[in-house]
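None of these values were measured; they are calculated from a predicted model. Numbered from 1 within each chain, the chains take letters A, B, ... in sequence-line order.
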Protein chains: 2
Amino acid sequence: MTIKEIAQLAGVSSAAVSRYLNGGYVSEGKKEQIRKVIEETGYQPSAQARMLRTKKASLVGVVVPKINSESISRITAGIESVLAERGYQMLLAGTDNTPAKEVEYLRLFENYPVDGIILVGTMFTAGHRKFLKETKVPVVVIGQRTSHANCIYHDDYDAGKAMGQAVAGFSKKGVAYIGVTRDDKAAGAAREDGFIAGLKNAGVTLFEENKRTSAFTLESGYESALDLLESKCDIDVISCATDTIAAGAIEAIQTYLKKQIPTNAADAGARMRYILENTSIRVTGFGDNQMLKAVTGGIPTIHFGYKTSGIRGAELLLDNIERGEQIPIEMKLGFRLVGADPSDSENLT
Amino acid sequence: MTIKEIAQLAGVSSAAVSRYLNGGYVSEGKKEQIRKVIEETGYQPSAQARMLRTKKASLVGVVVPKINSESISRITAGIESVLAERGYQMLLAGTDNTPAKEVEYLRLFENYPVDGIILVGTMFTAGHRKFLKETKVPVVVIGQRTSHANCIYHDDYDAGKAMGQAVAGFSKKGVAYIGVTRDDKAAGAAREDGFIAGLKNAGVTLFEENKRTSAFTLESGYESALDLLESKCDIDVISCATDTIAAGAIEAIQTYLKKQIPTNAADAGARMRYILENTSIRVTGFGDNQMLKAVTGGIPTIHFGYKTSGIRGAELLLDNIERGEQIPIEMKLGFRLVGADPSDSENLT
DNA sequence: CTGTTAGCGCCTTCAA
DNA sequence: TTGAAGGCGCTAACAG
């Protein structure tokens with residue numbers, strides 16, 4: 001079904017149909033004829049051709065590192081809320097934490113009918129910088145600071161610092177840290193540096209041998225934590241760069257302790273009691289994951305305004321698109337330390 | 001930058017440039033000139049215009065109910081793996097469990113340069129059926145059985161039944177069930193019906209007053225479970241239609257018990273011990289969520305082959321697109337009951 | 001091998 | 001108000 005065929009069937013010109021579709025001048029009579037034909041044929045104009053013509057898609061492309069993540073979904077929820085309100089739709093592309101794919105999808109969106117792009121960033125490669133420099137499409141980066149585009153990021157350093165201080169507050173023995181690649185300036189470098197600074201402020205040192213680097217997955221967190229435990233270092237806190245990693249660490253601690261449960265402790269209660277009585281290792285995270293909080297009762301973690309960053313990011317982008325705003329903007333969002341209150345100390349691990 | 005400009009700069013025709021881009025006949029000399037101009041200008045052909053012309057996008061649209069879900073992400077991971085291998089990219093649209101939005105995005109993709117659509121289904125409205133009936137774009141539905149499109153779904157009924165039987169096996173008092181809307185035939189109706197059938201098989205009845213209906217969220221699961229607990233019904237199992245709801249139930253049980261902790265149990269260990277000794281309520285779920293398993297040690301749940309359904313779905317779709325396969329296919333995938341082994345009974349709740 | 005020509009489906013002057 | 005005409009950027013014949 002094309003606009004031409006509709007025009008023929010309705011006995012009018014294609015221009016008339018186009019105007020009908022877009023609210024231009026059409027006499028009542030013709031309006032009616034056209035309406036009927038469209039109704040009957042179930043015609044839908046090709047968004048594609050329309051976009052080729054108008055250079056306008058009412059569509060925003062969002063590139064995210066992974067889709068199964070609460071933080072990301074909070075960001076996209078924020079984006080969506082703004083877009084919906086202003087008549088846009090959102091297309092998502094997940095890159096599975098692969099920087100190369102990130103650039104691929106950026107390129108796709110660039111030559112695709114989207115009005116703008118939001119990149120939820122992890123790390124910047126030369127490819128990224130090249131893209132940001134060259135592209136004519138409005139782009140907003142969320143989650144990383146960059147001078148190559150408008151960006152909204154979180155105060156990872158100070159968050160890490162706050163966590164470091166809190167941890168120093170309740171740690172009696174030693175502290176371990178499971179971070180992520182420092183190529184990720186925000187979740188990798190900033191959180192770790194902040195954390196270490198926070199500890200130091202309180203007179204605590206994070207020893208090199210108590211540091212591990214994990215991928216952004218639960219399994220990887222599990223491995224890192226187990227490795228830490230088996231190294232027999234004297235620690236009572238494992239701080240992790242994300243709540244997902246923290247979940248892996250919690251699992252590792254349980255696995256590790258179970259191995260040592262006296263064989264005569266047959267029933268579940270007794271075994272669990274053993275674990276409880278022997279667990280003096282606390283785990284902390286970043287991100288304030290909802291499920292983790294629900295099930296554990298809440299470990300110390302950092303709440304970032306992810307939804308807010310999504311909202312602000314979308315607003316920035318739309319202003320850019322619609323009003324051609326050109327002043328570069330950088331926006332830093334704060335955080336909230338949660339679950340570190342001593343009264344919450346019934347937390348399992 | 002258009003192909004025309006490039007052609008001019010290189011002193012050739014636009015057709016030559018097009019051929020250069022698409023591997024047609026171009027003499028070495030011209031090839032070089034064109035290469036240089038493209039290099040210098042950083043020209044990128046408009047995918048948009050190309051698609052308008054070729055009716056081919058190497059792109060698949062995937063509509064999902066929500067993005068922050070492990071099951072969904074397993075499905076999309078499966079889809080992605082097949083797509084990548086066969087030279088396609090994937091665009092995601094999240095509908096936030098809103099059937100109306102689902103249709104909106106289906107329509108968007110329909111008039112958009114995608115070669116096919118995969119719908120991860122929740123419920124079918126008239127709008128859905130109308131779309132499936134009318135559309136010319138190849139569609140595969142994952143997660144729901146339907147006669148209107150090729151579909152791949154999971155054996156929710158038998159999974160529910162298996163869970164019912166397992167629960168009957170370890171329940172000594174009464175059983176409660178927190179389901180989701182029956183408008184969702186798979187996660188709603190089939191799981192519940194199967195569950196009840198499984199219980200009945202073992203001679204156990206699920207009383208009406210022990211049933212609740214929840215949304216697909218943790219909070220909602222929390223509310224439903226708390227409501228159940230406060231109704232003072234005599235139960236020792238709360239079975240939930242999803243692991244997310246189960247997580248909410250676990251939180252609710254903890255909250256509920258905490259309220260009753262003797263005030264003299266001051267320290268964390270004592271309080272936790274109280275909870276343990278008084279918790280005889282087990283929670284079960286569906287979906288085999290990784291984080292839940294890691295943190296709780298694993299509640300009884302159902303593992304579905306989500307990744308497999310993604311893979312099969314994508315394969316089906318691509319065969320449809322590329323080879324014009326037209327034989328309608330329905331595919332039912334099995335499941336695995338996990339965590340119901342009595343030896344796993346150290347699970348917290 | 002190469003350029004010319006004719007659209008893909010739509011919107012937007014422009015003159016009527 | 002209306003229709004004819006031109007073109008968005010690209011590719012696919014078709015002659016050369």
Checklist line | Nearest-nucleotide 5' precedence on DNA chain C, Val17(A) against Ala49(B) | finding: Ala49(B)

Margin query: Counting distance alone, no hydrogens or angles: does the base of dG3(D) have a donor or acceptor under 3.5 Å from a partner atom on the side chain of Arg19(A)?
Written below: yes

Note to self: Need one value for Tyr43(A): base, sugar-phosphate or nothing, where a base atom within 4.0 Å counts as base even if backbone is also close, heavy atoms only.
What the structure shows: sugar-phosphate

Notebook entry, point to check: Which whole-number value in Å describes the distance from Leu52(B) CG to dC8(D) C1'?
Noted result: 9 Å

Notebook entry, point to check: Ala15(B) has a side chain; which of dG3(C), dG7(D), dG9(D) sits nearest to it?
Noted result: dG3(C)

Next item on the list: Say whether, by atom type as modelled, one donor and one acceptor occur between the side chain of Asp184(B) and the main chain of Met123(B) under 3.5 angstrom.
Entry: no

Checklist line | Charged N-O contact under 4.0 Å between Lys101(B) and Glu104(B) | finding: no

Notebook entry, point to check: CD1 of Ile3(B) versus C1' of dA12(D): gap in Å, rounded?
Noted result: 12 Å

Next item on the list: Grab the CD-C1' distance between Gln48(A) and dG9(D) for me, whole Å please.
Entry: 12 Å

Checklist line | Nearest-angstrom distance from the residue atom OH of Tyr25(A) to C1' of dA16(C) | finding: 16 Å

Checklist line | Phosphate contact (dG9(D) OP1 or OP2) by Ser46(B) side-chain N/O below 4.0 Å | finding: no

Note to self: Measuring to OP1 and OP2 of dG3(C), would you say a side-chain N or O of Lys30(B) lies under 4.0 angstrom away?
What the structure shows: yes

Next item on the list: For Arg50(B) and dG9(D), give me the distance from atom CZ to atom P, rounded to whole Å.
Entry: 15 Å

Item checked: Rounded distance in Å - CZ (Arg53(A)) to C1' (dC10(C)) -> 7 Å

Notebook entry, point to check: Which of these nucleotides, dT2(C), dG9(D), dG3(C), is closest to any side-chain atom of Ser27(B)?
Noted result: dT2(C)

Check: Is the closest basic N to carboxylate O distance between Lys36(B) and Glu39(B) below 4.0 Å?
Finding: no

Margin query: So Ser18(A), base contact, sugar-phosphate only, or nothing? Heavy-atom distance under 4.0 Å.
Written below: base

Next item on the list: Ignoring the backbone of Lys55(A), work out which of dC8(D), dC1(C), dG9(C) is nearest its side chain.
Entry: dC8(D)

Next item on the list: Write down the distance between NZ (Lys4(B)) and P (dG3(C)), rounded to a whole number of angstrom.
Entry: 15 Å

Item checked: Under-4.0 Å salt bridge between Glu70(A) and Arg74(A) -> yes

Margin query: I need the CG-P distance between Asn22(B) and dT2(C), as an integer number of Å.
Written below: 15 Å

Note to self: Do the side chains of Arg86(B) and Asp319(B) get close enough for a salt bridge, i.e. N-O under 4.0 angstrom?
What the structure shows: yes

